[in-house]
2 protein chains.
Amino acid sequence: MTQVPIQPLPKRPLTLRDVSEASGVSEMTVSRVLRNRGDVSDATREKVLTAARELGYVPNKIAGSLASSRVNLVAVIIPSLSNMVFPEVMTGISEILDDTELQPVVGVTHYKPEREEAVLYEMLSWRPSGVIIAGLEHTDAAKAMLGAAGIPIVEIMDTDGSAIDAAVGISHRRAGRKMAKAILDAGYKKIGFLGTKMPLDHRARKRFEGFTETLAKAGLEVADQEFYSGGSALAKGREMTETILARTPDLDFLYYSNDMIGAGGLLHCLDKGIDVPGEVGLAGFNGIEFLDGLPRQLATMDACRVEIGREAARIIASRAESPETGGKELISLEPSLDFGDTLKRLKKL
Amino acid sequence: MTQVPIQPLPKRPLTLRDVSEASGVSEMTVSRVLRNRGDVSDATREKVLTAARELGYVPNKIAGSLASSRVNLVAVIIPSLSNMVFPEVMTGISEILDDTELQPVVGVTHYKPEREEAVLYEMLSWRPSGVIIAGLEHTDAAKAMLGAAGIPIVEIMDTDGSAIDAAVGISHRRAGRKMAKAILDAGYKKIGFLGTKMPLDHRARKRFEGFTETLAKAGLEVADQEFYSGGSALAKGREMTETILARTPDLDFLYYSNDMIGAGGLLHCLDKGIDVPGEVGLAGFNGIEFLDGLPRQLATMDACRVEIGREAARIIASRAESPETGGKELISLEPSLDFGDTLKRLKKL
DNA sequence: TCGCGCTATGTTAACGCTAACAGGTCAGAA
DNA sequence: TTCTGACCTGTTAGCGTTAACATAGCGCGA
């Protein structure tokens, strides 16, 4: 890999035949050497490797996959790359797949069901060894494709619903309930919700449902709400916080649907000299690492993103190794609540 | 796409032959219908489409690509997904490719040359229609592969050096010089540098080189330096700023190699009641949008990330359309300096 | 009436590789 | 010697699709 290949005539793409001719053995033997499969004498191996290197030969996986009907790709279908959550999932996935032959291929849906369907169709047409796809909600056609693909499917992030095959995630409904309980236990009563304007983000919706459900049991409901879309989340967090507090000044808690707008809210409150968490408590969702440097630590709930990626990849990898094993794995991780500095603990009012 | 396919026996993967038998025409005609190529009567087309939908047939691109020796994939090779810069480049790339047949496939190198080489080899083995790769520095073997691949290659982010084929980026050396000039013009004299411990981030290195070069012309040099690796950039920015200011208290400017640590530094200074930009000026690099919500706007320089992605994708797309056209395009974008609130303008000391 | 040119469909031969099997050689056991 | 089996290498036949060419049917002008 360190020697510089010599490319005499860069016209026709190189094939096994070229290497075979250059090294004086059959194509099959070259193939064997290049894949480390089957017995080949050291002398032959050396000859072949040298020839391949000198020519700068790169095997054609298209042909190889067609012949062997094995494709070392794993389709990963996610809604977005522009907040930190999916890149972290990707990190977990790569971490595991790096130790295997498998390779992730990413498709982005922008939270649009029809895009998801199209991306999935495109991905499946490459006959991957498995699919990792965000969420449990898909169009009927997408579900049908996934069901009929005959490969391992892992639906990630969410476990509130029924999976096609395997699933790894957290219960967002439960996460919402848990946060509501913590807020109520801390004695807050007048609670505002701030989130994204995204009816298609089912996980945010489920957290909200769990949240309101627990409030309802305590005879409370969300006192005010504010939504945004687009723009810098941090700036939006500030704006929305200002808006909601202006409209409903007696709110004593603000629950944000993600840490970024939560951080914006926190900065706003500190700016305005609002006592956090005494006067107003704050909480976000996600446990984004780079917020560690903020003046005060935002209460949040870890969504286990890296771990979700790892587990999903493990399922695909283990099934790729022994196809008949497993199936329908359901891994529900437990998000941990971090009180940070913005959600007081059990202080009596 | 909206009808639910019926999968009678989910065993052997479906092929053109199945659709051909189900619809009573030849495989070739089915292929023509599915690709919208050649003349097919409306009646036949309808029959075929119905059969394909009902079976839930998904074409096999592996076979298709092998037969047509056309692959609609574009390899995108980048160092990382975990800071915001490359996801933004990806956004630009997708934006353009979404209007074409082409599809990006991402490979991540973690700033390691040997990983880059391996990822590139893997990608090329799928015979993509083009390669978009970050940086101009590659191993000899990687350069040889790129040179011999016979497909469009666009090296992005950087234009300080010589490209294999096309290149789109900014001059980081120039960016460093420009920032140095702005800082000197504002009257700062005792300048500290804070960056990542990454000898392999050539672009950061070039910025630094340009920066020191301009200082040198003014008879100055960097008064102190501090480096970090790993961890939360925001938190690290705080720590490093504290450290460097403790060690060299008379610094009057801090230049950060990225906005995230710069933001940490800003927060630290605000915490400590340091007058910014009077006592100490600050600047980062990148123009990361979500920092908009900070209490004060950090001076920074926009690296034109989305635009770089767009231009690179445009080059690949246009060459895919008309192969003989173009070649060796060199697009050097001009990063714009944003003074923000942390770099005073031309105030005399 | 013939045959030209059009449209709609079919036939054949790759594309570059690998699975499966078929030798061919050579050492040591019978 | 002959046989056995380990080791190495080669041959053959696809994998599922598409390019290129072949053909069938049909309307129409001369």
Side-chain angles (χ1 to χ4, degrees), chain A residues 11-49 51-52 55-73 101 122 124-129 149-150, chain B residues 11-49 51-52 55-73 101 122 124-129 149-150:
Chain A
K11 42 176 190 178
R12 187 180 43 74
L14 291 167
T15 72
L16 269 189
R17 152 155 266 114
D18 297 292
V19 183
S20 122
E21 280 168 4
S23 55
V25 299
S26 72
E27 297 175 41
M28 195 59 227
T29 301
V30 176
S31 170
R32 277 196 268 255
V33 171
L34 264 25
R35 286 179 301 144
N36 269 314
R37 203 139 308 179
D39 297 316
V40 182
S41 71
D42 288 347
T44 309
R45 173 184 313 282
E46 211 44 57
K47 247 192 322 190
V48 169
L49 286 177
L55 291 169
Y57 173 71
V58 177
N60 184 331
K61 286 226 176 172
I62 306 248
S65 301
L66 181 61
S68 65
S69 47
R70 256 183 279 107
V71 183
N72 67 340
L73 300 175
E101 301 271 78
E122 173 73 18
L124 288 181
S125 75
W126 288 100
R127 301 290 188 265
S129 296
Chain B
K11 44 177 190 178
R12 187 179 43 74
L14 292 167
T15 72
L16 269 189
R17 152 153 266 114
D18 297 293
V19 182
S20 121
E21 280 167 4
S23 55
V25 298
S26 72
E27 298 174 39
M28 195 59 227
T29 302
V30 176
S31 171
R32 278 195 267 254
V33 170
L34 264 26
R35 287 178 301 144
N36 269 315
R37 204 141 307 180
D39 297 316
V40 181
S41 71
D42 288 345
T44 309
R45 172 183 315 281
E46 211 43 58
K47 247 191 320 188
V48 168
L49 286 176
L55 292 169
Y57 172 72
V58 178
N60 184 333
K61 286 225 176 172
I62 306 251
S65 301
L66 182 60
S68 64
S69 47
R70 256 182 282 107
V71 183
N72 67 340
L73 300 176
E101 301 271 76
E122 173 73 19
L124 287 181
S125 75
W126 288 100
R127 301 289 187 265
S129 297

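Residue numbers start from 1 in every chain, and the chains themselves are labelled A, B, ... in the order their sequence lines are given, proteins ahead of strands. As a basis for the values below, the full set of heavy atoms in this structure was taken, side chains included, without hydrogen atoms, waters or symmetry mates.
- The backbone N or O of B/Val25 lies less than 3.5 Å from a partner atom in the side chain of B/Ser20, making a donor-acceptor pair.
- For the atom pair CD (B/Glu122) and NZ (A/Lys61), the distance works out to 3.5 Å, reported to the nearest 0.5 Å.
- Looking at A/Leu34, A/Val30, A/Val48 one by one, the single match for side chain to side chain contact (heavy atoms under 4.5 Å, CB included) with A/Tyr57 turns out to be A/Leu34.
- The neighbour count for A/Arg35 CZ, taken as heavy atoms of other residues, nucleotides or ligands under 6.0 Å away, is above 12.
- In this structure, CG of B/Leu16 is placed 14 Å from C1' of C/dG10, rounded to the nearest angstrom.
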Under 3.5 Å, N/O pairs linking protein and nucleotides 11-15 of chain D:
| from | atom 1 | to | atom 2 | distance (Å) |
| --- | --- | --- | --- | --- |
| D/dC15 | O2 | A/Leu66 | O | 3.4 |
| D/dC15 | O2 | A/Ala67 | N | 3.2 |

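- Using a 4.0 Å heavy-atom criterion, one finds that A/Thr44 contacts the sugar-phosphate atoms exclusively.
- One atom, CZ of A/Arg37, and another, P of C/dT18, lie 9 Å apart when rounded to the nearest Å.
- Proximity of A/Tyr57 to the phosphate of C/dG16: no side-chain N or O atom is located under 4.0 Å from OP1 or OP2.
- In this structure, the separation between OG on B/Ser65 and CG on B/Asn72 is 6.5 Å, given to the nearest 0.5 Å.
- In terms of heavy-atom proximity, A/Arg45 sits nearest to A/Asn36 at NH1-OD1, 3.4 Å.
- Annotation: the terminal axes of the helix from C/dT1-D/dA30 to C/dA30-D/dT1 meet at 60°, where each axis is the rotation carrying the C1' atoms of four end pairs onto the next four (5 pairs per end, rounded to 10°).
- Counting non-hydrogen atoms of other residues, nucleotides and ligands closer than 6.0 Å to CD of B/Glu21 gives a total above 12.
- A/Leu66 approaches B/Ala63 most closely through the heavy-atom pair CD1-CB, 3.8 Å.
- Look at CZ on B/Arg45: it is 14 Å from P on C/dT7, rounded to the nearest Å.
- Listed nucleotides C/dA8, D/dC8, C/dC17 differ in distance to B/Ser41; the shortest reach to its side chain belongs to C/dA8.
- The CD atom of A/Glu46 lies 11.5 Å from the OG atom of A/Ser23; values are rounded to the nearest 0.5 Å.
- Taking all atoms of both residues into account, the shortest heavy-atom contact from A/Leu55 to A/Ala22 is CD1-CB, 4.0 Å.
- Spacing between atom CG of B/Asn72 and atom P of D/dT18 amounts to 12 Å, rounded to whole angstrom units.
- Checking the phosphate oxygens (OP1, OP2) of C/dC17, no side-chain nitrogen or oxygen of A/Ser31 falls inside 4.0 Å.
- For the pair B/Leu34 CG and D/dA19 P, the computed distance is 14 Å after rounding to whole Å.
- Of the possible donor and acceptor atoms, one in the side chain of B/Ser129 sits under 3.5 Å from a partner among the backbone N and O of B/Val71.
- Set against D/dC8, C/dT18, D/dT18, the side chain of A/Asp39 has D/dC8 as its closest nucleotide.
- The CH2 atom of A/Trp126 sits 16 Å away from the P atom of D/dG16 (whole-angstrom rounding).
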Could you list all N or O pairs between the protein and nucleotides 4-6 of chain C that sit under 3.5 Å apart?
none

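- Atom-to-atom, CZ of A/Arg17 to P of C/dC17 comes out at 11 Å; the value is rounded to the nearest Å.
- Atoms CZ (A/Arg70) and P (C/dT18) sit 10 Å apart, rounded to a whole Å.
- Considering all non-hydrogen atoms of both residues, A/Leu16 and A/Ser31 come closest at CD1-CB, 3.8 Å.
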